[in-house]
Structure formats: structure tokens, C-alpha cells
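See below for the structure under consideration.
Here is the naming used below: chain letters follow the sequence lines, and residue numbers restart at 1 for every chain. Both backbone and side-chain heavy atoms feed into the values below; hydrogens, waters and symmetry mates do not.
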2 protein chains.
Amino acid sequence: MREATLRDVATRAGVSIRTVSNVVNGYAPVSDTLRAKVETALNELDYRPNLIARNLKQGRSGMLCLVVPELDVPYFAELARAVIAAGRRHGYAVMVDQTDADPVRERELLTRNSRLTLFDGLILSPLTLSAQELRERGNKTPVVLLGEHLFDGSFSHVAIDNVSAARDATEHLISLGRTRIAAVGDQPYRTGETAQLRTAGYRQALERAGLPFDPALVRPTERFHRHLGATAATALMALPSPPDAIFCYNDLLALGALRGLLTAGVRVPDDVAVIGIDGIEEGEFATPSLSTIVPDKQQIADLAVESLVALIEQGATPAPAEVRASHTLLARESTLGRA
Amino acid sequence: MREATLRDVATRAGVSIRTVSNVVNGYAPVSDTLRAKVETALNELDYRPNLIARNLKQGRSGMLCLVVPELDVPYFAELARAVIAAGRRHGYAVMVDQTDADPVRERELLTRNSRLTLFDGLILSPLTLSAQELRERGNKTPVVLLGEHLFDGSFSHVAIDNVSAARDATEHLISLGRTRIAAVGDQPYRTGETAQLRTAGYRQALERAGLPFDPALVRPTERFHRHLGATAATALMALPSPPDAIFCYNDLLALGALRGLLTAGVRVPDDVAVIGIDGIEEGEFATPSLSTIVPDKQQIADLAVESLVALIEQGATPAPAEVRASHTLLARESTLGRA
DNA sequence: CACGATGTCTGCATCGTTGCAGAGCTGCCA
DNA sequence: TGGCAGCTCTGCAACGATGCAGACATCGTG
């Protein structure tokens, strides 16, 4: 059966379509008698407003779109949850989509037939898409970027300070007295800005502590997944002079590393201390529990939604803002001091 | 700047709106000369179709909505990924929403102003919402349910066979020679049908093996989260006669239990074997790695989307189908046989 | 050359809703 | 009693797209 429309309700109640609309929206004053009649008809027909029509008329949908590379990466799942909650507080529904970490899928966002036109705004955590591409293909949908992509000033942008986050992580390892500190997750070859910033922070910390930089201790990984962390850790321990600590560029790599070290018979933290970034819940229950740098996801989500809503509601584009979210060090078992 | 409309393009190209539409959609034959003119104008104005308008006219949006309780629960995140992929194969975009495991939020789906009218169909993994409520509030949007909610025949429904999954898990523990097997995750008090089915499977396995059922070994948990698993495991080990194996109703509980046992100085699997359900990736990297019952998430997603698309596209409702997805046992370190 | 068939192109109506302007009624005051 | 507010209520137009029917030009055929 077809959904009831305002017209159906109006006919049944013997009033004008407009009056039904007024009752539904509470816009204009409606007499009690008419209101009662209309409400009866509304219930009898189980009327539900056609939001597509309303959206067309109003030129807005009240929906934001969050696009992340992979929804089953815990960091993105936790972030998505926070963004949905933040959107809700601002009166927007947030729909989540993922690109499967596929550059082609990411670029589909820019195409003529992208579903983005359905949304009032876009929060995008890009993997390979550059701000430049985004600007050139000039989608008029307001956009806020998440994560550390080349900020070229054309988009608002929310991220933690990745250099200092990585520096904090590394300095924490140094504070334990570790001197051969490995880094897992560099991405020098592609649009891996986040990774490169973390490498920079890692090197800063070494320098400040007067520790030598050994390129053999820096392991690139194509992606930030557990099994690559395990592989990298295994490879590191096979070095002639293996590390006594590993800084992983995210928690998944670190959790994989924990597992790889265990399999290799390496004790954590006694032989090798491990730290990650992301503060995902999984790390709390790992064995040993994982030390990490915790980005304030709630804050990231809030700031992103706030910026986006500002862009949407102030028609005229306010200057794109580069917003820094905070992060904190959370030391757990994987970086306990030696007994 | 306002988005360009068909009318803008038509004016610029000196043709009718209809012709522009034909070019955009490739519907009707258009001469090369006109097509060229139109395409120039399309590019100059960076035209993008207004999908809201198109959807209104066509009476469909090409979008499905997936609603889960919590997106940062790995099972749901992994499922969401599979559903998005399945939707895509069927030509639908899937948007994900979550209810924060809040019964009130779940019921909002049924209200007059639910955003569901925007979607062609709904895939719902309900927590407390019953099929009856869903039916009574009679949303006309096609719905497919996921998970084991009371199946009353009014909705299509995809789930694994929870009784046999729980039985398989328990029998696996029994096959290791364990005799005092605990169950963590029962939900006897609320609409916890899934939990209750798993309890039934657990008891079946005990019976078949001729093992006694000890109510003290069945721990209810309000939700299926890691910390509750840890608490439950700790409590179990404090019993006068503690278990030698624990069957957790999902992997998060099991991962929490692993952690709780470790903290209590209990060795897994030597002292206590542990198994979960869900097959989330996290379990592979846990220490020890987690044995689990793996539901075929890809199959669940495919079946759900297929059923839903059938409902949508065959206007007339085909009989609601109860579909069983398959599951397999994955034995890992947490249930290794004793040395 | 007349005719129908084909191939292009256009205008109108429509999807279901809301903005707007104004119609009709009532009551109040001069 | 006339006129003006103020309150309800209504009809029309519009959001931007597509379905449909038909206009017009061109072509081939007898």
C-alpha cells in the first residue's frame, strides 16, 4: 500500500492540504475543532511526512555524511560513534559510508553522480584524496576534513597535532631508559602525510634526547593493520641489533606487534616496550595492555561537526579553520618500567 | 553559489530542460551537435543532478539504512562493512546508523518523523525492539531483521542458528575433556532472545554429554562488553569450585574474560579454556588467540540485502523468509588441548 | 509526390511538500 | 453601521527532476 500523503489526509479530514501541513508542523494557529479532525485522520491513515519532498522544498536534508576508509578499523568505528552523537546534538542525522580504503572509491565522491548531493555537509577522513583534488572538482557541499592531509587552506580541518603526539609517544619510551627505539608505520611513498608527520615527531624526540637515528629501525607499512604490525615486529627482532622499544603509528599495528613479539618469545615490556596511537578500547584488554596516545575523539567529532554546521548555516563561507584536537598519553602495561 | 540546475544548463546551451536531462541520463537519442553543446554547458556550470529531486520524482532513493546498536562493537562494524559491500553489489548505497543501544532511540525508528522514509529499505539489528512493535507501528518501509529476535512471521529475518552455534562451542570445550563449563552472557530478564537461545544450546550440549547443569556457572551480563566479561570471569574463579572452561556468548565477553583470568593468575587454556562467538578479527591477535564460532558475516549481509531488495523491487510482499546463515568453529590457542 | 515511419526535440504535468499572499470570518471600536 | 484588526484557513506556485504525449523535421517507399 502507498504511503498516505498530505492530500489523502486533507481529503479525509475535509480540510485543505495546507491546514494539515500546519497541524503536522505546528506552524500556524489552528482551531481546536479542525486540529482534532486532522489528527484523527493523521492517525487513521498513519501519515508520515515524505522527507524527500520536504527536503526538496526546503533545500536541505538535515543529514551529514561521514566517510571513512574502513568502518571495521576500531579507530574509525569509535570516531563514527562520536560523530553520530555530535551530529545528533546539533540536530543533524549522520550517515556513515566507507571507501574500503580504495582510492577509486574515494574519488567517486567527487563525480557528478556522487550521492553527496543528498547531504547538507560532508565529514571526510581521506586516505589518498588530496585537498587539491577536492578543491578542483569543486563540490559545493560544505566539507570538513579529518586527519592530517595536506592542509592547503581551502578546507576546514580537524586533527590532533601528529608531530607532537608521535614525539610524546617516543619520549615516553625514552623516559623508560630505552635507547634503540623502532618506528612502525611510516609511509614515505604515497600520500601518507599522517605517517610522515609521525615519523617527524619520532625523529624530533630522538634528536632532543641525543639518540642516534637508525633508518633500519623505521619500518614502513602499506596500511595500519594488525598483521602488518606483527610482521614488522618479527622483522625488527631479527635485526643484528634489535630494538628495545617499538613505537607503532597506530594501535592496530601495536596490537599486531604485541602478538608478533610474543610469538617470537620476546617479553613485553621487559625486553621490548610497545606504544601505539589511537586509544582504542581493545588496547585496554590486550595482554599486556597497550600504552597509547589517546586522541580526544569526542572533541574531534564535536569540533568537526561544529565547523561543518557553521559552514552550512552561514551560507557565506567563513574562513576555513585548521583546528587542533588534544591528545593524552595513556601508559599501561606495555610500557611499564623494568622491575 | 547555488548549485546549477537543469534549467540553468538548458538556458546556457539554448536547449530545453528535457534535452539536458536526456543527455545526462542517456535516455533518448540526442544529435551530436546538441549533445556537444549540452555537455559543454554541463561542464562549464559543473552541473550535478539534485538527487533529492530525482528521488522525489522516482519515488525511490536507492539507499538502504542499516541500524545497529553500537558501531564500535567490532561485530557490528564488521557486519556493517559487509552490508555496505553487499548493498553496493545490488546497486544500493547503504547508510549506517546506530541507536547507542538505547531502547528509546530504537523506538524512534517507528515514530512519525523517523528519517526512515528517506530510505527504500531498512536492515535492522534490534536490541529490545520486538517484531510485534515493529509490525504494530506499521512502517511501510520494507524491513529485514538481523539477529535472533522473536520471529513472529511478519518480517524477513537473517541469523545464524544460535542454539546450534552455542552447542557447537560448548561441545568443543567438552571435547577437550572439560567438565565444569561456565556460560557468560545470559540475559534471562529482558528481550534477550539471542542470549536465551545460546543458553539453550549450552544446556543441550551438557545434556548430550551427560554433564550436570550447575546454575552457579551461568553468569548473566547486562550487555556484551569486554569489561563485563572480565568481571564475570573473576567472579567465576572465586567460586568454591571454579570452572575449567568458559563459553562466552560473544567475543568481547571472551576477550574480557581472557584478561580477567590473566589478572587472576589463571592460565588459559591450561587451567581454563575460553571460547566466544562472533569471529571478530581482534580475537586472532589476542594473547592467547581466541577460539570462536564464526558466523559467515558476508553471507548474512548478502542474504539480508537480497531479501530486502526482493521486498523492495517486487512491490507485492513475498512471504517473509526466515533465513539461516552458516557458522563454523575456529579453534585457536584459548582452547588448545592440555599438553 | 504523398504517405507513413523514424528520429529529435520540446512542453506540460507531476512527485509531496512548504512559502506566500490573500480570502473569509469574527469582533471591536468609533 | 462601517471599517479595521486579527485570527483561521485556503489556493497557488514552487523546489528540481522525470514521464508522457506530441510537435516537427527528415527519410524512404510506393
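- Checked by atom type and distance alone, the side chain of Asp8(A) pairs as donor or acceptor with a backbone atom of Thr5(A) at under 3.5 Å.
- Side-chain atoms of Glu106(B) come within 3.5 Å of backbone atoms of Thr128(B) as a donor-acceptor pair (strictly under, hydrogens ignored).
- Under 4.0 angstrom from either OP1 or OP2 of dT18(C) there lies at least one side-chain N or O belonging to Ser21(A).
- Gln98(B) places a side-chain N or O within 3.5 Å of a backbone atom of Leu71(B) that can act as its donor or acceptor partner.
- Here the side chain of Ser114(A) pairs no donor or acceptor atom with the backbone of Thr111(A) at under 3.5 angstrom.
- The phosphate of dC9(D) has neither OP1 nor OP2 within less than 4.0 Å of any side-chain N or O from Arg18(A).
- When atom types are taken as modelled, the side chain of Asp120(A) and the backbone of Ser61(A) share a donor-acceptor pair closer than 3.5 angstrom.
- Residue Ser31(B) places no side-chain N or O under 4.0 Å from the OP1 or OP2 atom of dG7(C).
- The residue among Asn22(B) and Leu56(B) whose nearest nucleotide of DNA chain C is located toward the 5' end is Asn22(B).
- What separates NZ of Lys57(A) from P of dG16(D) is a distance of 9 Å, to the nearest Å.
- Between Leu6(A) atom CG and dT10(D) atom P the separation is 13 Å, expressed in whole Å.
- Closest to the side chain of Asn50(B), from the set dG16(D), dT10(D), dT17(C), is dG16(D).
- For a distance-only test at 3.5 Å, the side chain of Arg48(A) fails to qualify as a donor-acceptor partner of the base of dG16(C).
- At the phosphate of dG16(C), neither OP1 nor OP2 sits under 4.0 Å from any side-chain N or O atom of Thr5(A).
- Distance Ile52(B) CD1 to dT18(D) P: 14 Å, rounded to the nearest Å.
- Residue Arg54(A) contributes atom CZ, which lies 14 Å from atom C1' of dG19(C) at whole-angstrom precision.
- At whole-Å resolution of the value, CZ in Arg35(B) and P in dG7(C) are 15 Å apart.
- Atom CG in Asp8(A) sits about 10 Å away from atom C1' in dG16(C), given to the nearest Å.
- Of the listed nucleotides (dG16(D), dG19(D), dT17(C)), dT17(C) has the atom at the smallest distance from the side chain of Ile17(A).
- Using a 4.0 Å cut-off, some side-chain N or O of Asn25(A) falls inside it from OP1 or OP2 of dT18(C).
- Candidate nucleotides dA17(D), dT17(C), dC9(D) were compared by shortest atom distance to the side chain of Val30(A), and dC9(D) ranks first.
- At the heavy-atom level, Leu34(A) lies under 4.0 Å from the strands shown only through sugar-phosphate atoms.
- Atom CG of Asn55(A) and atom P of dC15(C) are 18 Å apart (whole Å).
- Within the 4.0 Å cut-off from OP1 or OP2 of dC15(D), at least one side-chain nitrogen or oxygen of Arg7(B) is found.
- Across all strands shown, Thr19(A) has heavy atoms under 4.0 Å from base atoms, whether or not it also approaches the sugar-phosphate.
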